[in-house]
Amino acid sequence: MTAGYDETLAYLHTDYLTLDELAKRSGVDTDRIERLIEAGCLPPHSHEATLDVTVATRILGSHQAETKRIRYYHPSLVAMTKDADREAAEKGIEAAAADRRNRFDGEIARTAGLEPGSPALAELTAFAWEHWRAGTFGVCLKEIAPGNMIQKLSATEKMQALLDRAKSAPLGAGDLAELKEATQQYEEVAGPFGPHEVEDSTRARVYGPAMRLLAETYEN
C-alpha cells in the first residue's frame, strides 16, 4: 500500500528537522554541521525526500519544475550537535571524531555484554558503526544511541526466534514471558516509523505479530 503524500510529509515535518532547523536549534551553522558529519562526529540525515511538481495547462501542456531534495535529521541531533561542536573546538575535529567512536564502541560493549577484544564484539561494533554513519539509527529509534540500537536488535531477534518456535508448537509460560519482555524492550527504544516505511519495518514484520500472538494467547 502506497503511503499518502500529505501524511508522509507531515510525518517528516513533525518528527524530523531540516538542516536549517537543526542549525537554528543547535546554534551551529549548516556548513559546520556538515563538516562534523563528514568527520564522523555526528550521524547524517535519516531521510531524504525528493519532491517533483508537474504543472499542466490546456494551452501550454505539462511542465515539470526543478526537483527539490530535502534532508531530514533526527531531533536528538540537536544536543549531539552542540556537544560535537564544543568537543571539536576544544580538541580538534579529528580527535573529537576518534573520541566519539571510542565512546560508541564502549557503549556497544556494555549493552551487548560481549568480551572486550572478542571477534563477536568487533563484528558488532563495526556493524553498528556502519549504520550509525549511514543515518539508520535515526529511522528506527526514539533516541539515537548505540545502546538503544543493540537493545532493539536484541529484542527483535528474540521476538523473531519465539515467533518461529510458535509455528511448530504453542509457546509455554516461560517462552511467553520472554516474548512479552522482548516486546517491552522493543517499545522502550523503537520509533514509530513513517507511513511510507512502516509496512517493511520490524514494527510491522516482527513486533506486530508478537503482540498479536500474546493477545490471542491471553484471550484464550
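No hydrogens, no waters, no symmetry mates; every other heavy atom, side chains included, goes into these values. Nothing fancy with the numbering, it's 1 onward along the sequence.
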key: ring pair (Phe, Tyr, Trp, His ring centres under 6.0 Å) pairs, two or more places apart, involving residues 150-173   =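 Found none.
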
Shortest non-hydrogen contact from [X] to [Y]?
| X | Y | answer |
| --- | --- | --- |
| Pro44 | Ala134 | CG-C, 3.7 Å |
| Ala112 | Leu124 | CB-CD2, 3.6 Å |
| Asn148 | Glu143 | ND2-O, 3.1 Å |
| Thr8 | Pro195 | CA-CG, 3.8 Å |
| Thr217 | Leu176 | CG2-CD1, 3.4 Å |
| Leu141 | Lys152 | CD2-CD, 3.9 Å |

Sub-3.5 Å donor-acceptor pair from the side chain of [X] to the main-chain atoms of [Y], do we have one?
| X | Y | result |
| --- | --- | --- |
| Thr14 | Ala10 | yes |
| Thr125 | Ala122 | yes |
| Arg203 | Gly191 | yes |
| His196 | Phe193 | no |
| His45 | His47 | no |
| Glu197 | Gly194 | yes |
| Glu130 | Phe127 | no |

inquiry  = Under the side chain to side chain donor-acceptor pair (under 3.5 Å) definition, can you give me all pairs with a residue in residues 24-37, not counting sequence neighbours?
reply    =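 Side chain to side chain donor-acceptor pair (under 3.5 Å) check on residues 24-37 returns Arg32-Asp85.
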
Indicate, with yes or no, if [Y] and [X] share a hydrophobic cluster defined by side-chain heavy-atom contacts under 4.5 Å among Ile, Leu, Val, Met, Phe, Trp and Tyr.
| X | Y | result |
| --- | --- | --- |
| Tyr207 | Leu153 | no |
| Val139 | Met80 | no |
| Val189 | Val206 | no |

request  = Answer yes or no: is there an ion pair linking Asp200 with Arg205, defined by an N-O contact shorter than 4.0 Å?
outcome  =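 So Asp200 does not pair with Arg205 through a salt bridge.
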
key: Exceeds 12 heavy-atom contacts within 6.0 angstrom, atom NZ of Lys142   =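 Check passes, neighbour count above 12.
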
Rounded to the nearest 0.5 Å, how far apart are [atom1] of [X] and [atom2] of [Y]?
| X | Y | atom1 | atom2 | result |
| --- | --- | --- | --- | --- |
| Leu77 | Lys82 | CG | NZ | 12.5 Å |
| Ile33 | Cys41 | CD1 | SG | 12.5 Å |
| His131 | Cys140 | NE2 | SG | 9.0 Å |
| Asp175 | Leu163 | CG | CG | 11.0 Å |

message = I'd like to know whether Glu90 forms a salt bridge (charged side-chain N to carboxylate O under 4.0 Å, His left out) with Arg86, so could you lay out the CA-CA distance, the side-chain angles of the two residues, the decisive distance to 0.1 Å, and finally the verdict.
response = CA-CA 6 Å; Glu90 290 174 355; Arg86 174 183 50 77; 3.7 Å; yes

Would you indicate whether the side-chain heavy atoms of [Y] and [X] approach each other to under 4.5 Å?
| X | Y | value |
| --- | --- | --- |
| Met159 | Glu181 | no |
| Thr18 | Tyr73 | no |
| Val55 | Leu60 | no |

inquiry  = Can you pull out every salt bridge (charged side-chain N to carboxylate O under 4.0 Å, His left out) where at least one residue sits in residues 99-108? Sequence neighbours excluded, please.
reply    =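 Residue pairs with at least one partner in residues 99-108: Glu87-Arg103, Lys91-Asp99, Arg101-Asp105.
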
task = Among residues two or more places apart or on two chains, list those pairs meeting salt bridge (charged side-chain N to carboxylate O under 4.0 Å, His left out) that have a residue in residues 38-67.
result =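 Output for this query lists Glu48-Arg71.
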
message = Going by side-chain hydrogen bond (donor to acceptor under 3.5 Å, both in side chains), name the residues that satisfy it together with Asp15, two or more places apart in sequence or in a different chain.
response =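 Testing Asp15 for side-chain hydrogen bond (donor to acceptor under 3.5 Å, both in side chains), a comparison that skips the adjacent residues, returns none.
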
task = For Thr202 and Tyr186, test the side chains for any donor-to-acceptor distance below 3.5 angstrom and give the result as yes or no.
result =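 Tyr186 and Thr202 do have a side-chain donor-acceptor pair below 3.5 Å.
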
ask   = Given a cutoff of under 4.5 Å between side-chain heavy atoms of I, L, V, M, F, W and Y, with clusters grown through shared members, what are the other residues clustered with Leu9?
value =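 Besides Leu9, the cluster holds Tyr5, Tyr11, Leu12, Tyr16, Leu51, Ile70, Tyr72.
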
